[in-house]
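Shown next, in structure tokens, is the structure this report addresses.
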Amino acid sequence: MSNATRINRIKDRAFKYIGLFCTLFGIIVLAIFLIDILIKGIGRIDWAFLSSLPSRIPERAGILTAFVGTIWILILTAIIAIPIGISAGIYLEEYGKKSRMANLLEINISNLAGIPSIIYGLLGLEIFVRIMHLGNSLIAGALTLSLLILPIIIVATREAIKTVPKSIKEASFGMGATKWQTIRQITLPAAAGGILTGIILAISRAIGETAPLIVIGALAYVPFTPESPMDEFSVLPMQIFNWISRPQKGFAINAAAAIIILLAITFVMNGIAVYLRNRWQKKIRW
Amino acid sequence: MHILEANGINAYYGTNHVLKNINLQIKPHTITAFIGPSGCGKSTFLRMFNRMNDYIDGFRKEGEIIIEGNEIYNKQVRVEDLRKQVGMVFQKPNPFPKTIFENVVYGLTIRGEKDKKKLNEIAERSLRQAVLWDEVKDSLKKSALALSGGQQQRLCIARALAVEPSIILMDEPASSLDPISTAKIEELILQLKEKYSIVIVTHNMQQAGRISDNTAFFYMGELIEYDETSIIFTSPKHDKTQSYVTGRFG
């Protein structure tokens, strides 16, 4: 075997291991973090932890207000962002394709997806909290997070619509369907899997956000669970942030337990997204 | 009396002049074949009859098309109504990702028909006309995408028949099918002639010869010759037609 061949073989083998290391790097770090969190926090999770109000004493404190706040935010954000996002995606893909205005909108929406979330927080503070006088309420928080995830939903909707073959849209027009009937009856059902996946990923991003909510004035300590969209609120990431910054060791354990709950919600939502995507792909094979 | 009359048709894609001063009449209850090499304008012409070119950027036309006495590009004509009158079957089978039943009655449900009994009757009648009923009568609730290519194309024909059009346009309906499915489609087209007028674009000379009553030969955007199919294939008046039908070019 010549020298050059040997060196090439070594390089080949070396790259395989370097590649493996790179692949595992992220996973291993995440696994170490998860295991650490689980060891610290799992023992703290019980019914009392889930159903108790916040407290100065770490052993009595619970995540009820933050958990309920997160659920409120999740539902309100979904109600606001889903119809607007899907409609905008449909418009851009099916109606506004040719105009210069649509081109301009398109570039802007791609840019919006890249704006740091704290900037959305400042926008929300000015528009929703101050100009619209919504205060540091659930609805102000949900509107701000809706802005944040709208570009994601719009882009997901457009991509999903693009996968629907032109031939079946033509078939629908050929039967005398109007544009809206074609969208409603043919395009949207066929694109539903992709749209739904995008929505779930967007919302699971929204419930993990902290920065924009800090800016609009979400509270870390809320003595009661919110009962209407106009109430003040806290959410799980805020609660975690608050507990982490306390000196007592008991709060660090609480934070670990709350992280487990937050991660569980996110994983479940991502799991649903994957399940729906697979199911739809199986149902529709062109 | 003609069911369809095209007078002085010119069509353009941008600056590309794709149809040049075409005049053509079609009699009811006949099968008319459009033949010609790729890019000769025959599909563009066919798609004008139900205004499917309306969505294409830069498409422009001159002249008039009169179907059952009405100029179809007239502003008063609703394109949705025109397409009920003039049905279309496409080159590739394109059933909707819905059940077989929903596919057949699509043209009725989008027009607000809700009467379950009526829909059932029409679905059965249309599927029988398309010679598909016996194959699918037990699986009407199954997805149309599970059918074979030939069955899908017959389903698309049934879907077009369900709204009882007077004209059915077919754009190379058998070009993506195997010989057995093709034979079934051809047999079906011949049966449909009794109730409908059919215009079919085809690349297959034998197919045009087997099923059509009249044949129009297009070349480079012009209608070179339009006559009875037997004349076009045995004693055409133009040399170009002669060369094309005998396979010397195309």
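It should be emphasised that the depicted structure is a prediction, and the values quoted were computed from it without experimental measurement. Residue numbering restarts at 1 for every chain, and letters A, B, ... go by the order of the sequence lines.
Counting heavy atoms from C-beta outward, B:Tyr106 and A:Ile186 have side chains that approach closer than 4.5 Å. In this structure, the side chains of B:Lys98 and A:Gln185 come closer than 4.5 Å at one or more pairs of heavy atoms.
The shortest non-hydrogen separation linking A:Ile168 to B:Asn94 is CG2-O, 4.0 Å. Across A:Ala171 and B:Phe96, no two heavy atoms sit closer than the pair CB-CE2, 3.8 Å.
No more than 12 heavy atoms of other residues, nucleotides or ligands lie within 6.0 Å of CD1 in B:Ile180, so this atom counts as exposed by the packing criterion. Around NZ of B:Lys92, the count of heavy atoms belonging to other residues, nucleotides or ligands within 6.0 Å does not exceed 12. With a 6.0 Å radius and a threshold of 12 heavy atoms from other residues, nucleotides or ligands, B:Lys142 has its NZ atom at or below the threshold. More than 12 heavy atoms of other residues, nucleotides or ligands sit less than 6.0 Å from atom OH of B:Tyr55. The 12-atom threshold is exceeded at CZ of B:Phe90, counting heavy atoms of other residues, nucleotides or ligands nearer than 6.0 Å. Crowding of A:Ile118 atom CD1: a count of heavy atoms from other residues, nucleotides or ligands under 6.0 Å not exceeding 12.
The CZ atom of B:Arg111 sits 8.0 Å away from the CD atom of A:Gln181 when rounded to the nearest 0.5 Å. Put simply, CE on A:Met175 and CE on B:Met88 are 12.5 Å apart, with the number rounded to the nearest 0.5 Å.
Contacts of B:Asp81 with chain A are absent, with no heavy-atom separation under 4.5 Å from either backbone or side chain. Only the side chain of B:Val163 has a heavy atom closer than 4.5 Å to any heavy atom of chain A. Heavy atoms of B:Arg78 lying under 4.5 Å from chain A are absent altogether.
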